[in-house]
Amino acid sequence: MLLGKPMDNLENGNYKEEIANNLYRLFAKDSNIEKAFSFESERFLLKKQEISQFDKNRMVTVSYPNFQNVAALILPSNMSISANQGNKKTNIDIEYKSIAVDESFNFPYSVPEGYERIFIK
């Protein structure tokens, strides 16, 4: 997600396609989960991804307005993450000031106490 890639393996899903707002859009609905991925037409870069879980009233949307070339890679220069659960909403805006490639890096993370880890199929 942080690298501008889909949160799902698009080769393993049964996606339908359409053109919406001048973007190629792949979408699928499995029982309770709906996924949508929108790509721009020039280089097929991911512009937006949305995943909704209806029974728990949850949704996450990640938008990628701009990309940049870094060491032969095309990466987002900024992104906007919006997550909703019920009437609670969280927005996170990320702007990359600098990007280093091929360096060791550690990103420890644990689920805080009282919260449950969510796995998306």
Side-chain angles (χ1 to χ4, degrees):
M1 174 177 67
L2 297 175
L3 299 176
K5 303 295 181 195
M7 290 186 275
D8 197 14
N9 183 347
L10 300 180
E11 294 179 7
N12 293 339
N14 187 15
Y15 291 93
K16 296 179 183 177
E17 71 281 336
E18 68 181 2
I19 296 176
N21 299 321
N22 294 323
L23 297 172
Y24 293 108
R25 185 171 182 262
L26 298 176
F27 60 97
K29 185 173 182 179
D30 290 329
S31 63
N32 188 45
I33 296 177
E34 186 174 299
K35 305 171 192 174
F37 304 91
S38 299
F39 299 87
E40 55 102 51
S41 61
E42 185 179 334
R43 297 179 289 174
F44 296 101
L45 298 174
L46 183 64
K47 296 299 281 181
K48 183 177 181 180
Q49 54 186 324
E50 303 168 283
I51 298 179
S52 301
Q53 189 178 20
F54 298 111
D55 69 338
K56 301 204 178 187
N57 198 17
R58 298 182 203 182
M59 179 177 179
V60 64
T61 301
V62 184
S63 300
Y64 306 92
N66 300 305
F67 286 83
Q68 60 186 321
N69 291 315
V70 178
L73 299 171
I74 300 175
L75 300 170
S77 55
N78 59 325
M79 73 183 72
S80 177
I81 303 168
S82 176
N84 301 317
Q85 182 168 348
N87 60 1
K88 298 176 186 175
K89 185 172 185 176
T90 300
N91 291 315
I92 302 171
D93 293 318
I94 298 173
E95 181 177 345
Y96 292 109
K97 298 287 184 183
S98 66
I99 297 175
V101 179
D102 292 332
E103 291 184 9
S104 294
F105 139 144
N106 189 357
F107 192 69
Y109 177 77
S110 62
V111 178
E113 188 176 324
Y115 288 88
E116 179 181 325
R117 182 178 236 173
I118 300 170
F119 292 95
I120 299 173
K121 298 177 185 179

Would you confirm whether [X], through its side chain, and [Y], through its main-chain N or O, come within 3.5 Å as a donor-acceptor pair?
X   : Y   : result
Q49 : K5  : yes
N9  : E11 : yes
K47 : Y64 : yes

Q: Check ring pair (Phe, Tyr, Trp, His ring centres under 6.0 Å) between Y115 and all other residues, then give those that pass, not counting sequence neighbours.
A: none
Q.
Would you say that K48 contacts T61 through its side chain, given a criterion of any heavy-atom pair below 4.5 Å between the two side chains?
A. yes
Which atoms form the tightest heavy-atom contact between [X] and [Y], and what is the distance?
X   : Y   : answer
F39 : F44 : CD2-O, 3.4 Å
V62 : M1  : CG2-SD, 3.5 Å
Y96 : P76 : CD1-O, 3.1 Å
F67 : L46 : CZ-O, 3.0 Å
R25 : A36 : NH2-CB, 3.3 Å
N78 : E95 : CB-CA, 4.0 Å

From [X] atom [atom1] to [Y] atom [atom2], the distance as rounded to the nearest 0.5 Å:
X    : Y   : atom1 : atom2 : result
I94  : M79 : CD1   : CE    : 5.0 Å
N57  : S52 : CG    : OG    : 9.5 Å
I118 : Q85 : CD1   : CD    : 6.5 Å
L45  : N66 : CG    : CG    : 11.0 Å
I99  : L75 : CD1   : CG    : 5.0 Å
I19  : S38 : CD1   : OG    : 11.5 Å

In one Ile/Leu/Val/Met/Phe/Trp/Tyr side-chain cluster, 4.5 Å: [X], [Y]:
X   : Y    : answer
L2  : V111 : no
V60 : L26  : yes
I81 : F37  : yes
M7  : F54  : no
F27 : Y15  : no

Q: Mind checking salt bridge (charged side-chain N to carboxylate O under 4.0 Å, His left out) for E40 and listing every partner two or more places apart, or none if nothing turns up?
A: none
Q) For atom CG of N21, is the number of surrounding heavy atoms from other residues, nucleotides or ligands below 6.0 Å larger than 12? A) no
Q) Is the number of heavy atoms from other residues, nucleotides or ligands under 6.0 Å of N14 CG greater than 12? A) no
